[in-house]
Amino acid sequence: MKMDKIEINHLKTENRNSRTMNLDMMSTMELLHIMNEEDQKVINTIKEALPQIEKSIQIVIRALNQKGRLIYMGAGTSGRLGILDAVECVPTFSTKDEVIGIIAGGQKAFVKAVEGAEDSENLAAKDLDKLHVCENDVVVAIAASGRTPYTIGALKHAKKKNVQCISITCNKNSILSKYADVAIEVDAGPEVLTGSTRLKAGTCQKIILNMISTASMVGIGKVYGNLMVDMKATNLKLMERAKRIVMESTGCDIDIAARMLELTDYNSKVAIVMILTGITKEEALIRITENHGFIRKCIS
């Protein structure tokens, strides 16, 4: 594939860290101190990118409000982090197909590397075509280096479909950024273990993905106060959490919370609206739909 030539030693994520040149000679505690100090740089570099992260979130909110999807695409660690964020949105926010994670090489690549998958732009285009990507969607390409062909191919193809594109990289002025409507670029410096971007770069990416998905879900009405009122209560622990959520939201006791949750099939949002307004389950469902899921609008 053709791309601008960038020597690998020009990438911060591939440079050697001057503090760890004798990594193999350090005591475990010395190593831990340096890793901890290096990890602290992640927070500051992300802070510098907050304006771009905010723009990205607004794009995602618009897409989700238009029945579009948030599609993460990446290879290796970056792809796995995208899948992780997408999967965690299901129990936390009751998403279905709204948030999707795609990794180069397919789902099997989550646990075992698929040789050559990340080097193919065409593979990314095929993966997007399988999803029938459309202009209501938003594609977020994740690549620590900012030069992974698979992610570049993803944004190139998305552009052809008039899809909004966001990039997340850990090198400034990357190739990938050129194809993004919003480029989130962070630079936490060379890794403790040279080139091992599952370390600081991976931490940067995970934090940014947490921000994008969480803030976007807040923006489409899936949160009340700081409570996850659209959570799926799929096990005993989450059922107990649902009771606490209803109690915290309404001031009711645990018996009322449990009764209302049983009545609503453990739909915390419906239970809360019923308790706070005194309306029926059917009326609460209608009101929630009319107010696009925002509880505050339902009870005002």
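All residue numbers refer to positions in the sequence shown, counting from 1.
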[X] side chain to [Y] backbone, donor-acceptor under 3.5 Å:
| X | Y | result |
| --- | --- | --- |
| Thr95 | Val90 | yes |
| Thr92 | Cys89 | no |
| Glu191 | Ala201 | yes |
| Lys269 | Gly293 | yes |
| Thr20 | Leu23 | no |
| Thr151 | Ala141 | no |
| Thr45 | Asp187 | yes |
| Ser216 | Ser213 | no |

So, taking the atom named [atom1] in [X] and the one named [atom2] in [Y], what distance separates them when rounded to the nearest 0.5 Å?
| X | Y | atom1 | atom2 | result |
| --- | --- | --- | --- | --- |
| Gln164 | Leu155 | CD | CG | 11.5 Å |
| Asp97 | Leu70 | CG | CG | 12.5 Å |
| Leu261 | Met239 | CG | CE | 8.5 Å |
| Met26 | Leu31 | CE | CG | 7.0 Å |
| Leu238 | Met228 | CG | CE | 8.5 Å |
| Lys41 | Thr203 | NZ | OG1 | 13.5 Å |

Using the side chain to side chain contact (heavy atoms under 4.5 Å, CB included) rule, pick out the option among Leu276, Val270, Ile272 that qualifies with Met274.
Val270
Applying the 4.5 Å side-chain criterion to the ILVMFWY set and letting contacts propagate, would [X] and [Y] be lumped into a single cluster?
| X | Y | answer |
| --- | --- | --- |
| Tyr224 | Tyr266 | yes |
| Ile168 | Tyr72 | yes |
| Tyr150 | Val140 | no |
| Leu131 | Val163 | yes |
| Phe93 | Ile295 | no |

Using the rule given for side chain to side chain contact (heavy atoms under 4.5 Å, CB included), can you reason through Ile220 versus Glu98, listing the C-alpha separation, both sets of side-chain angles and the distance that settles it, and then say yes or no?
CA-CA 12 Å; Ile220 63 170; Glu98 301 100 309; over 6 Å; no
Closest approach of [X] and [Y], non-hydrogen atoms and distance?
| X | Y | result |
| --- | --- | --- |
| Ala124 | Ala154 | CB-N, 3.5 Å |
| Lys297 | Ser300 | O-OG, 3.1 Å |
| Cys204 | Cys170 | CB-SG, 4.3 Å |
| Leu81 | Gly202 | CD1-O, 3.4 Å |
| Gly82 | Ile142 | CA-CD1, 4.1 Å |
| Gln205 | Ala143 | NE2-C, 3.7 Å |

Between [Y] and [X], is there a side-chain heavy-atom distance shorter than 4.5 Å?
| X | Y | value |
| --- | --- | --- |
| Thr28 | Leu32 | yes |
| Ile166 | Ile184 | yes |
| Met247 | Asp253 | no |
| Leu128 | Ile102 | no |
| Val246 | Lys243 | no |

Going through the checks in order, is the side chain to side chain contact (heavy atoms under 4.5 Å, CB included) test met by Ile245 and Arg241?
CA-CA 6 Å; Ile245 287 172; Arg241 180 181 292 167; 4.0 Å; yes
Counting only heavy atoms from other residues, nucleotides and ligands, does the tally under 6.0 Å from CD of Glu248 exceed 12?
no
Please check if atom NZ in Lys108 has more than 12 non-hydrogen atoms from other residues, nucleotides or ligands closer than 6.0 Å.
no
Among residues two or more places apart or on two chains, list those pairs meeting salt bridge (charged side-chain N to carboxylate O under 4.0 Å, His left out) that have a residue in residues 62-84.
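Applying salt bridge (charged side-chain N to carboxylate O under 4.0 Å, His left out) to every pair that reaches into residues 62-84, excluding sequence neighbours, yields Arg69-Asp137.
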My understanding is that only residues two or more places apart in sequence, or in another chain, count here; which of them pass side-chain hydrogen bond (donor to acceptor under 3.5 Å, both in side chains) with [X]?
| X | value |
| --- | --- |
| Arg19 | Glu37, Glu38 |
| Glu185 | Ser177 |
| Ser56 | none |

Any side-chain donor near an acceptor of the partner, [X] and [Y], under 3.5 Å:
| X | Y | result |
| --- | --- | --- |
| Ser145 | Glu14 | no |
| Asp129 | His157 | yes |
| Asn210 | Lys206 | yes |
| Asn171 | Thr13 | yes |
| Glu48 | Asn44 | no |

For Met260 and Ile275, run side chain to side chain contact (heavy atoms under 4.5 Å, CB included): C-alpha distance rounded to whole Å, both residues' side-chain angles, the deciding distance at 0.1 Å, then the answer.
CA-CA 8 Å; Met260 296 302 282; Ile275 294 170; 3.8 Å; yes
Could you go through Asp181 and Val138, starting from their C-alpha distance and side-chain angles, then the distance that decides it, and tell me whether this counts as side chain to side chain contact (heavy atoms under 4.5 Å, CB included)?
CA-CA 10 Å; Asp181 295 297; Val138 54; over 6 Å; no
How is the hydrophobic cluster of Ile103 composed, in terms of its other members, when Ile, Leu, Val, Met, Phe, Trp and Tyr link through side-chain heavy atoms under 4.5 Å apart, directly or indirectly?
Ile83, Val87, Phe110, Val111
Residues Glu262, Arg259; criterion salt bridge (charged side-chain N to carboxylate O under 4.0 Å, His left out); working and verdict:
CA-CA 5 Å; Glu262 289 174 7; Arg259 186 166 69 250; over 6 Å; no
Could you go through residues 279-287 and list every donor-acceptor pair under 3.5 Å that involves a side-chain atom there, pairing it with any protein atom two or more places apart or in another chain?
{"unit_1": "Thr280", "atom_1": "OG1", "unit_2": "Glu283", "atom_2": "N", "d": "3.1"}
{"unit_1": "Thr280", "atom_1": "OG1", "unit_2": "Glu283", "atom_2": "OE1", "d": "3.2"}
{"unit_1": "Lys281", "atom_1": "NZ", "unit_2": "Leu263", "atom_2": "O", "d": "3.4"}
{"unit_1": "Glu283", "atom_1": "OE1", "unit_2": "Thr280", "atom_2": "N", "d": "2.9"}
{"unit_1": "Arg287", "atom_1": "NH1", "unit_2": "Cys298", "atom_2": "O", "d": "3.0"}

